[in-house]
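What follows is a single structure, written as structure tokens, with notes after it.
No hydrogens, no waters, no symmetry mates; every other heavy atom, side chains included, goes into these values. Order of the sequence lines sets the chain letters (A, B, ...), proteins ahead of strands, with each chain counted from 1.
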Amino acid sequence: MEVSNIRLKPRCDYDFPVNYQNSTPTQGGQFARRVYLSADAAYNPANPAGTAQPVPLQRVNEELNNLSINNNNNAPVAGASPFGTPVNGVPGASPRLTDSPVLRPSNGWSAPQSPIVSQRPESTQNSSSSTSNHAGEVIPLSIAPEVQCPPTFLRMTYNNIPQTKALANKSNIPFGCIMHPLARPQSQSDVIPVVSPGLCGVVRCRRCRSYINPFALFVDGGRRWRCNFCYLTNDVPTDYYSPLDATGRRTDLADRPELQRRVVDEASPPSDSLPEYMVRPPQPATYFFLIDASFYAISSGMFHMTIETIRRTLDEFPGSPRTRIGFITFNSSLHFYNLRSTLSKPQMLVVTDLSEVFLPLPDDLLVNLVDSRAIVDTLLTKLPSMFPVTQNVDSAYGMALKCAFELIKPIGGKIISFVSTLPSMGDGKLPNREDSRIVGTDKETILFNPSLDDKFYKDLAMDCSRAQISIDTFIFSSHQFLDVATLSSLSQFTGGENYFYLNFRSDTDGEKLFHDLRNNILRETGFEAVFRVRCSKAVNVESQYGNFFVRSTDLLALPNVDADKSYAFQFQLVDNNVSTKYVSIQAALLYTTTFGERRIRIMTQCLAVTNSLADIFRSSDVGAVTTLLTKIAVEKALSSKLSDARDMLVNRCVDILTVYKTDLASRKENTQLLLPEALKLLPLYILSVTKSTPFRLGTEVKPDERTYFLNLFRISSVQNIISLVYPTLYNMTNLHELATPGTEEFVTLPNQVNLNSEHLSRSGMLLLEDSQQMILWLGRDYPQQNMYEIFGIPTLEGVDLSTLQLPQLETPLSVKLHTVLNAIRSQKSVFLPLRIVREGEGREYLFTQRLVEDKMRNSTSYYDFLVLIHQRIQKSQ
Amino acid sequence: MLDLTALFFNIFALLADCALIFSNVYFLALFSDLEADTINPIDMCRHLNAFLLPEIIGHAVLSALFLFTGRFWLFLLNVPLLAWHAYKVSTKSIRLDATQIYRTIGKETKILFAKLGFYMVCFCAYLFYLIWTIVDE
């Protein structure tokens, strides 16, 4: 087993602060990007709110301020129009967005506009008269206008509330948001303050149970506060009282983060005083590993790699000293391990009778990690040699799951299972239902959905959800159908996650498994969580997207919640006409931290109601719109068929642009393709989604892989989805000219270029990154000298690139390349393995299929897509 | 003698229909409990799923009895619901899914109301048939 080249240092993103800033676009029309590796160096105290991307955000705000409501022809993007003044001149050339040379913002999110900007005129007007007690006149008073809702945690599809249902439907833009409650902080402003409750506990509205937030209005000299959700006037608890100053703000505002920040963590009060936040003492962090030990698991190296990773991570398990851990391995029989701390070496207990759940030693199979540290270590050191190559191809996975469930049921926690064989014995046995005749047809949908005959996995998922157990499944496929859909229903309803490795080999994929598993264990995790979204009366949640179980109308049960899960919500207006000026949305996640503290993460957003379509278009966020549409498309693909999902995406895009053109364009007779400024990337992103792995036409994507990606899209954040569908492409041809990489302070990343083949040159080198992997593409005539500097050999002719590892050499070029790769990796939460492809080589399709602006088999180019959209808009007018 | 059997059979049909009506009312009560958040969707679905198949079997047996005893009009009356049940069985979608219940709650309630209406109509028909049998005698 080759593990020597694996980095053991935790990557920077675990302790967060990698800050990166855009330098201004250069004349050459390309972004140079700097990645600051030291957070302090980049932190700009003058602008604490928007450190993540200060320059563009400010610019957007200025633009917004300068625009009046009537000025609704907000800059159709001439450059994107194939029928306006052609930028490239040559018909057929890929259109470029002139004012935005690199098509997407460099860190994946397009600066969402702060609703505060549109609110500002009104709030300043009203702040003096804010004590007049008109219902519905609650205005954001205690919050400073410059405070932004960090887009890392919450992104609305548009930052306004339509006044009427007709307006909401007319815009065709889905009305919703994407929430990422435990997101990794991306900048200084994303660090969440923890508020410890006073004697009065957490202050909440007594009618609607919403939490106190910056938009609550203090009246009556500070003795009472008005809830911004139901407008009930509540008494301020005595311990929470503070007098108001002349402007009506509380005098203790500076000490109250919950009244200033839109995202806060409230530590819940101890259970004896207020039992409403817990029904039992907070659980310890509990990890139970179920490891497949059948033929393929052993022979592919998955078993050994997994054991080795767990062993190396033992010291870092979160929740020490209360952490609990246990192991079961399985093939045609189940193997339990007695890890009692008083033993000198672990005992293995083999159970071959699979007719009923039998736990040989219920007390010693799940042990405290600190007490049994030595014996766990011995077990993990010995396990690989206890399973030499076996001919056992059976798997009693269902039974193993049941045993694990019984073991950790009283505590709750996380079951991490590793599956490489279709369960073939005992309960939970799955038939191979792959039918090559239906792959690629509309009937394929049944393979993306859990088997209709299966009751075992879904029922187990329900039981787990109730017992606060979450199941993460690592699935290793050897070109054989593994029924990812049925297995993943376990994760889907327990708030877990799936990992999928197609044709796993420990020498090439081992590093990814190592980092995935480590990230799974070490990332910020909340146990026994519930998530609830409350809205003002005018709005309610129409549907939710993500991995959870809906326990009551608006309560999502999340046995585990972690930094990689995001949840999308689609809203609808309840009334035909919203009578208030503002609408508030509050999401509250109640969870237990790994160190056993009960906390509530509260995210509050307050948005202005508008009756203008222009406002909605102007304040929309293309990343969030694309993400929500993608999540809707995933549901569509599962409930009906893939082609319907693709059609839905394109139709929605056409509808949105049609409305913009018919209602907002200044000159109706304009025959150009008009794109709203905020949504000018929508056609590109929609095209990219239809070309992405799960939605792509054709049969080269296996049903299992499609299912995995559909599930991944369901839980991914905006940033990840955009990166998955529209990867970042770096032009590395002039890597040797890149300024001073390798110095301690910052790394300049190479230029980003559009995803089309224009940039492929025979002597070039390009790097593509899609938040799952990186692909290094080398031109046929890439200079021998450079090749030698990077790979240590003059040519890659005849070298098997699928197994080639990038060597770490002392040459300047190699050092630069590794610096760049590490800088890119440090920005991502998941490990990005590097694949190397050469022009003209068989595996080049891995790279070329991601060039979404190009024409591919079965799909159109970006240019043709714009033409198509334009024709459809013209037709529908 | 033959008439007495017919009489008993008609009374039996009436009682069976009452049982179906009551089971549907019970299902509706469970749904309203779910909407009022007084029952957990997992419990609710487990509870309901236990009754769904017996209901289908009961209705199918009753219809079969109509057919075999030569009451073709009554059998024909039951054909639409039989077809609906056959469709549910063939698509393996009899059981309610606790994970999807909040999405389908509106649809399922409508179906239950429609079925309840249907059983009511059947009740009237059976009653009419019973009276007719007595009067005819």
Side-chain angles (χ1 to χ4, degrees), chain A residues 209 279 433 443 445-446 449-469 485-486 488-496 530 532-533 540-559 569-570 572 632 635-636 638-639 714, chain B residues 23 26-60 81-114:
Chain A
R209 307 306 290 149
V279 288
R433 58 195 180 103
K443 280 190 183 156
T445 310
I446 59 168
N449 279 299
S451 159
L452 284 174
D453 300 317
D454 158 65
K455 275 193 232 166
F456 178 83
Y457 290 98
K458 209 160 218 181
D459 285 355
L460 188 66
M462 300 287 97
D463 290 333
C464 284
S465 171
R466 187 179 274 187
Q468 307 293 358
I469 298 167
T486 309
S488 64
S489 64
L490 284 171
S491 313
Q492 189 187 338
F493 300 116
T494 60
V530 286
R532 196 193 291 268
V533 175
N540 72 6
V541 175
E542 186 189 357
S543 42
Q544 308 102 333
Y545 305 90
N547 279 1
F548 48 71
F549 174 64
V550 191
R551 197 153 73 196
S552 78
T553 36
D554 60 345
L555 187 73
L556 309 185
L558 304 167
F569 297 87
Q570 207 177 347
Q572 63 183 9
I632 297 171
E635 294 302 317
K636 187 101 188 166
L638 293 176
S639 64
R714 190 192 283 127
Chain B
S23 65
Y26 175 63
F27 296 163
L28 280 168
L30 278 178
F31 269 101
S32 73
D33 277 357
L34 185 71
E35 275 180 283
D37 206 7
T38 51
I39 190 170
N40 183 309
I42 304 175
D43 293 333
M44 184 258 182
C45 286
R46 287 220 173 125
H47 222 78
L48 228 159
N49 286 335
F51 287 96
L52 285 176
L53 195 61
E55 188 213 325
I56 291 176
I57 293 172
H59 179 255
L81 189 61
L82 269 180
W84 169 249
H85 282 163
Y87 166 76
K88 293 288 258 187
V89 173
S90 66
T91 54
K92 296 175 187 168
S93 52
I94 311 169
R95 280 161 49 94
L96 284 174
D97 185 350
T99 56
Q100 303 293 326
I101 192 80
Y102 285 104
R103 282 188 198 175
T104 55
I105 195 162
K107 193 180 123 204
E108 295 289 343
T109 331
K110 266 183 211 144
I111 293 173
L112 279 180
F113 269 116

ring-ring contact (aromatic ring centres under 6.0 Å, His included) against A/Phe569, all qualifying residues, sequence neighbours excluded: A/Phe531

Please tabulate the donor-acceptor pairs under 3.5 angstrom that span chain B and chain A, backbone and side chains included.
unit_1, atom_1, unit_2, atom_2, d
B/Asp37, OD2, A/Ser552, OG, 3.3
B/Asp43, OD1, A/Arg466, NH1, 3.4
B/Asp43, OD1, A/Arg466, NH2, 2.6
B/Asp43, OD2, A/Arg466, NH2, 3.4
B/Arg46, NH2, A/Asp463, OD1, 3.2
B/Lys92, NZ, A/Asp453, OD1, 2.8
B/Asp97, OD2, A/Lys458, NZ, 2.5
B/Tyr102, OH, A/Arg551, O, 3.3
B/Arg103, NH1, A/Glu635, OE1, 3.2
B/Arg103, NH2, A/Gln544, O, 3.3

All ring-ring contact (aromatic ring centres under 6.0 Å, His included) counterparts of B/Phe113, not counting sequence neighbours: none

